[in-house]
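Hydrogens, waters and symmetry mates are skipped; everything else that's a heavy atom, side chains included, is used.
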Amino acid sequence: MTEEADRPLGELRPGERVRVTVVRHHPWGFSARIHGYEPVGASLDLIRRGGEPGVRRLVRDLPEVGSCVDLVVGEVRSWHHAPWIWVDLTGPDC
C-alpha cells in the first residue's frame, strides 16, 4: 500500500513556509521530511544556494539529523511518481 500525505499534496506551492525534520546529511546539503506531508521528501542544496542570506546561516551551522527547521518551498517535482520538494529560504528554528 502507498503511504499518503496527511494534507493534500496540491496545497504545496512555491513560496509556502513549511516545517521539516532533517533526515540525512549529504555532501551538497541535507534532505528532510515535511511535517503534515509525510512521506513527501525535501532537500536543500547548500552549495547551490549557500550565498543566499537565509541559507548562509545553515551553511555555517548545519542542522543535526533529527532537528526541526522552518523552510520555504522553492520547487515541487515528482520523481518516480513520488513528490519531492526543493526548499529555498529558512526561517527560525522549530
Side-chain angles (χ1 to χ4, degrees):
M1 179 174 11
T2 303
E3 289 184 71
E4 292 190 21
D6 294 340
R7 296 173 57 190
L9 296 178
E11 291 181 6
L12 282 171
R13 302 260 189 262
E16 178 183 353
R17 182 175 294 269
V18 292
R19 181 164 290 175
V20 304
T21 298
V22 176
V23 295
R24 185 173 179 195
H25 290 152
H26 302 279
W28 46 263
F30 63 84
S31 55
R33 292 286 178 211
I34 302 174
H35 295 200
Y37 291 98
E38 291 87 354
V40 176
S43 62
L44 179 58
D45 186 333
L46 297 175
I47 294 172
R48 186 170 62 100
R49 306 199 72 93
E52 298 174 13
V55 178
R56 205 171 297 141
R57 178 181 60 86
L58 290 177
V59 172
R60 288 191 312 266
D61 188 21
L62 187 65
E64 293 182 24
V65 171
S67 63
C68 181
V69 293
D70 287 341
L71 301 172
V72 174
V73 174
E75 184 178 348
V76 179
R77 286 191 183 174
S78 183
W79 285 1
H80 307 291
H81 306 290
W84 194 264
I85 309 302
W86 273 260
V87 289
D88 279 338
L89 307 172
T90 62
D93 289 345
C94 306

Fill in the blank from the handout: Note: Y37 and E16 closest approach over all heavy atoms is OH-OE2, 3.7 Å
Problem - From CA spacing to verdict: side-chain contact (heavy atoms from CB on, under 4.5 Å), V22, L58 - result: CA-CA 12 Å; V22 176; L58 290 177; over 6 Å; no
Practice task
Write down the atom of V23, the atom of R33, and the distance for their closest heavy-atom approach.
Solution key: CG1-CG, 3.8 Å
Completion exercise
Tightest non-hydrogen contact, residues P14 and G74, listed as CB-O, 3.7 Å
Practice task
Please list, chain by chain and in numerical order, all residues satisfying side-chain contact (heavy atoms from CB on, under 4.5 Å) with R60, sequence neighbours excluded.
Solution key: R56, R57
Exercise for the section: Kindly give the heavy-atom pair with the smallest separation between I34 and A42, and that separation in Å. Expected result: CG1-CB, 3.9 Å
Completion exercise
Between R13 and V73 the two heavy atoms that sit nearest each other are O-CB, 3.4 Å
Exercise for the section: Sequence neighbours left out, what passes ring pair (Phe, Tyr, Trp, His ring centres under 6.0 Å) with H26? Give chain and number order. Expected result: W28
Fill in the blank from the handout: In terms of heavy-atom contacts, H25 and P63 come closest through NE2-O, 2.7 Å
Exercise for the section: List the steps, then state whether side-chain contact (heavy atoms from CB on, under 4.5 Å) holds for L62 with L46. Expected result: CA-CA 9 Å; L62 187 65; L46 297 175; 3.3 Å; yes
